[in-house]
Each structure stands twice: as C-alpha cells, then as structure tokens.
2 protein chains.
Amino acid sequence: MINTRFSVAVHIISLIAAYPAEQHSSEWIAGSVNTNPVVIRRITGLLKRAGLVSTTPGVAGITLNKCPSEISLLEIYHAVILDDALFSVHEETNPNCPVGRNIQGALNDTFKDAQLAMEQVLANKTVADVVQDLKQ
Amino acid sequence: MINTRFSVAVHIISLIAAYPAEQHSSEWIAGSVNTNPVVIRRITGLLKRAGLVSTTPGVAGITLNKCPSEISLLEIYHAVILDDALFSVHEETNPNCPVGRNIQGALNDTFKDAQLAMEQVLANKTVADVVQDLKQ
DNA sequence: GTACCTGTAACTATTATAGTTACATACAGG
DNA sequence: CCTGTATGTAACTATAATAGTTACAGGTAC
C-alpha cells in the first residue's frame with residue numbers, strides 16, 4: 001500500500017493553492033491535516049527538494065513554484081514516494097531452475113507497464129483540479 | 001511498495017504451469033523460489049482461498065483449477081494482496097477546515113482510477129503469457 | 001535582543017513482511 | 001493398521017518502514 005505521505009503532500013499543496021493569502025506555517029498546515037508540524041516539515045522538505053515549493057528557514061510560509069494548474073499529482077507522487085518501483089520482486093531465486101532464473105525478467109515489463117498506467121492517471125490530474133473538487 | 005507475495009505467487013503458479021508433470025511439494029517449490037516451504041504454503045493458502053488452486057492436506061502437490069491461459073495476473077494479485085485500496089489516505093483531518101473536510105473525497109476518485117488503470121494491465125496478462133516469456 | 005519559524009536529528013510506538021521452528025492433522029503405501 | 005511424508009497453522013524472531021514526538025541548532029524579522 002502506498003503510504004499517506006502522498007495524500008498528505010497533495011493536501012499541503014492544495015491547501016496553499018486554495019488559500020494563497022494565508023501565512024502557511026507548518027503549524028497552521030498541521031492543524032488542517034491534524035498531525036504534528038514536524039511531519040509537515042518533513043514532507044515539505046521532500047517537495048522542496050523536488051523543486052515544487054520554496055521555503056525560507058526562519059520565515060513562516062510555503063510558496064508554490066508553479067501555478068496549481070501546472071502541478072500534476074504525478075510530480076507530487078515522485079517527490080515524496082522515493083521507491084521508483086511500485087512492485088517488489090523477490091530476488092535471489094534459484095539460478096539452476098529455469099523459472100527461478102528468468103522470473104524477474106518475465107515480470108519486469110508487465111510490472112513497469114502497470115505502474116506507468118497508474119502514473120498516467122496521476123499525470124492527468126492537477127492541483128487545480130483537486131482544488132476545484134474540494135469546493136464541491 | 002507492493003510486497004513480494006504477489007511476485008512469489010506468480011512464480012508458484014507459473015512453475016506449476018511450466019512443469020505440470022512434476023510433484024509440486026511446498027519444499028520443491030521453495031527450492032525454486034529459494035525460501036522456506038512455510039512461506040510457500042502460506043501463499044498457496046491464499047491462492048486456494050481464492051479458488052485458483054487446489055491442494056489436499058497430507059498429499060504433495062498443487063493443481064491449477066483453470067488453464068494457464070485463463071488465469072490473469074490480476075486474479076493472483078487480488079488473491080494475495082488483501083488491501084483493496086492501493087493508495088492510503090490520511091484520515092481524521094480537521095473537519096473545521098474546508099480542505100481537511102473534503103480532501104479524502106477529492107482524492108478518492110482519482111486514486112481509484114489510477115488503481116484501475118494499473119489493474120487493467122494485470123488483467124490483460126495471463127499465466128500462459130508469463131510461461132511463454134520464461135522460455136525466452 | 002527577542003520572538004518565532006524552519007530544518008533535522010533522535011527517539012518511540014506501531015505495523016507489516018519474511019523467515020523459522022514446532023506440531024497437529026491428513027493421506028498413501030505396504 | 002502403521003509408518004513416512006506432506007499440508008495447514010500457530011507462534012516466535014528479526015528487520016524495516018511509517019507516523020508521531022521531543023529537542024534543539026540556526027535563520028529571519030521586528
């Protein structure tokens with residue numbers, strides 16, 4: 001199961017997009033997410049490293065580096081989900097067995113295709129879409 | 001990340017499909033996967049509960065209940081991955097915040113679509129396809 | 001200087017996974 | 001009917017990831 005860092009990250013960015021005028025301290029955001037401010041700062045750090053947001057040490061507030069309509073959920077996904085593979089494959093199978101020797105290769109393409117199909121849906125959804133859904 | 005139970009389950013079923021004549025004891029299968037026989041029996045139990053395979057207590061061997069060309073990877077996925085949701089969403093958000101109150105609903109549809117797109121790829125791949133890939 | 005905020009290390013509790021040992025139960029062959 | 005062998009499962013361990021928390025160093029601004 002994909003962890004909640006992703007949904008929290010979308011929450012953070014959507015919150016900033018929906019309330020651009022507010023002062024977005026980690027504590028204020030944590031109040032909406034209902035968690036500890038450090039959890040917010042940790043995820044914000046990942047978003048910052050991916051270039052999606054900017055922050056200044058000591059200064060309250062997070063700013064988006066792009067318009068909400070230009071930020072896809074896939075970018076957020078890749079910013080906070082550090083595994084590049086969605087499926088894990090058991091390794092160290094028996095090399096003397098034809099199935100054990102080739103199973104990883106046989107599954108790799110399909111698993112990659114499945115992951116790409118999932119990612120395509122996230123690529124087609126922007127933060128602006130999410131904010132609009134929030135208002136209904 | 002989706003755990004290795006899925007790839008091991010595909011390994012098990014592919015092994016039986018590729019070597020229908022062999023006596024598939026959990027120990028023999030464990031030799032190909034390179035793990036403990038109990039791990040195999042645990043996963044086989046899930047496959048059995050899903051109706052994909054049959055076993056008899058005390059008798060070595062697993063038999064497929066359907067032809068390899070009629071078993072999709074999606075069926076195996078659902079047999080061994082017990083979470084029905086691929087994405088987890090943080091709950092207990094702040095109900096007094098419009099974003100906190102509605103974020104789950106706003107994300108649910110997109111997450112469901114993304115999961116379905118992934119599952120569609122698995123639905124289109126059968127065990128027979130995997131066995132054929134193994135032989136190359 | 002003071003107040004406040006970010007960034008981060010370090011620790012805890014909880015949970016899931018994978019592997020392992022042990023054993024009850026069930027079948028098959030002689 | 002008895003023995004050997006296999007399955008099914010409980011119980012335990014080690015390991016790793018997640019989420020939450022405390023503490024604090026360092027930066028900014030008034």
Side-chain angles (χ1 to χ4, degrees), chain A residues 1-9 11-12 16 22-50 52-63 77 79-94, chain B residues 1-9 11-12 16 22-50 52-63 77 79-94:
Chain A
M1 220 172 169
I2 293 163
N3 62 44
T4 59
R5 276 205 309 267
F6 178 40
S7 66
V8 172
H11 187 148
I12 293 171
I16 298 166
E22 297 273 344
Q23 193 194 44
H24 321 103
S25 70
S26 62
E27 192 162 358
W28 183 76
I29 296 173
S32 172
V33 175
N34 192 24
T35 183
N36 193 289
V38 175
V39 172
I40 302 299
R41 293 205 284 271
R42 254 195 309 239
I43 292 173
T44 300
L46 293 170
L47 296 172
K48 186 179 183 178
R49 205 190 310 175
L52 293 176
V53 304
S54 295
T55 59
T56 312
V59 181
I62 302 173
T63 54
Y77 177 85
V80 299
I81 303 295
L82 304 177
D83 298 317
D84 49 337
L86 176 61
F87 295 87
S88 28
V89 178
H90 59 299
E91 306 188 358
E92 302 183 21
T93 52
N94 187 343
Chain B
M1 219 170 169
I2 293 163
N3 62 44
T4 58
R5 278 205 306 268
F6 178 40
S7 65
V8 172
H11 187 148
I12 293 171
I16 298 166
E22 297 274 342
Q23 193 194 43
H24 321 103
S25 70
S26 62
E27 193 163 355
W28 183 78
I29 296 173
S32 172
V33 174
N34 192 24
T35 184
N36 193 290
V38 174
V39 173
I40 302 300
R41 293 204 285 271
R42 251 191 320 236
I43 293 173
T44 301
L46 293 170
L47 297 172
K48 185 179 184 177
R49 204 192 308 174
L52 292 177
V53 304
S54 295
T55 58
T56 312
V59 181
I62 302 173
T63 55
Y77 177 86
V80 298
I81 304 294
L82 305 177
D83 298 317
D84 48 338
L86 176 62
F87 296 87
S88 28
V89 178
H90 60 299
E91 305 187 359
E92 302 184 19
T93 52
N94 187 342

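From a predicted model like this one, the values you see are computed outputs, not experimental measurements. Just so we're on the same page: letters track the sequence lines, and every chain starts at 1.
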* Structure fact -> Between CZ of A:Phe6 and P of D:dT18 the distance, given in whole Å, is 15 Å
* Structure fact -> Residues passing the side-chain hydrogen bond (donor to acceptor under 3.5 Å, both in side chains) test with B:His24, sequence neighbours excluded, are none
* Give the first and the last nucleotide of DNA chain C, reading 5' to 3', that has any atom under 4.0 Å from a heavy atom of chain B. => C:dT17 to C:dC27
* Between B:Phe6 and B:Tyr77, what is the ring plane arrangement, given parallel below 30°, perpendicular above 60°, and tilted in between? -> perpendicular
* **Distance in angstrom units between B:Gln23 CD and D:dT7 C1', rounded** => 12 Å
* Asked: For B:Lys48 and D:dG8, is the shortest distance between a side-chain N/O and OP1 or OP2 below 4.0 Å?
  -> yes
* **Distance-minimising heavy-atom pair for A:Ile81 and A:Ile2** => CD1-CG2, 3.8 Å
* Asked: Counting N and O atoms only, with roles assigned by atom type, does the side chain of A:Thr55 sit under 3.5 Å from a partner on the main chain of A:Ile62, one being a donor and the other an acceptor?
  -> no
* Show the numbers, then the answer: is there a side-chain hydrogen bond (donor to acceptor under 3.5 Å, both in side chains) between A:Ser32 and A:His11? => CA-CA 9 Å; A:Ser32 172; A:His11 187 148; 2.8 Å; yes
* Have a look at B:Val59 and say if it touches a base, only the backbone sugar-phosphate, or nothing, with a 4.0 Å heavy-atom cut-off. => sugar-phosphate
* A:Asn94 side chain to B:Gly31 main-chain N or O, any donor-acceptor pair under 3.5 Å? -> yes
* Structure fact -> Ranking A:Asn3 and A:Pro37 by the position along DNA chain D of their nearest nucleotide, the one closer to 5' is A:Asn3
* Angle by which the axis turns from one end of the helix from C:dG1-D:dC30 to C:dG30-D:dC1 to the other, five pairs per end, to 10 degrees -> 20°
* For A:Asn36, side chain to side chain contact (heavy atoms under 4.5 Å, CB included) partners two or more places apart -> A:Val38, A:Val39
* Asked: Looking for any heavy atom pair under 4.0 Å, which part of the strands does B:Asn36 touch: base, sugar-phosphate only, or nothing?
  -> base
* Write down the distance between CZ (A:Arg5) and P (D:dA19), rounded to a whole number of angstrom. => 6 Å
* Asked: Which residues within residues 39-46 of chain A lie with some heavy atom under 4.0 Å of an atom in DNA chain C?
  -> A:Arg41, A:Arg42
* What heavy-atom pair brings B:Thr93 and B:His90 nearest, and what distance separates the two atoms? -> CG2-CD2, 3.4 Å
* side-chain N/O B:Thr55 vs D:dT7 OP1/OP2, d < 4.0 Å -> no
* Give the rounded distance in Å between these two atoms: CD1 of A:Ile62 and C1' of D:dT28. => 16 Å
* How about B:Asp83: does its CG atom have over 12 heavy atoms from other parts shown lying under 6.0 Å from it? -> yes
* Structure fact -> B:His24 NE2 to D:dT7 C1', in whole Å, measures 16 Å
* Asked: Between the side chain of A:Ser25 and the main-chain N/O of A:Trp28, is any donor-acceptor distance below 3.5 Å?
  -> yes
* Please identify each residue that fulfils side chain to side chain contact (heavy atoms under 4.5 Å, CB included) with A:Ser26, with sequence neighbours left out. => A:Pro37, A:Ile40, A:Arg41
* Structure fact -> When rounded to whole Å, the CD1 to C1' distance for the pair A:Ile2 and D:dA17 reads 15 Å
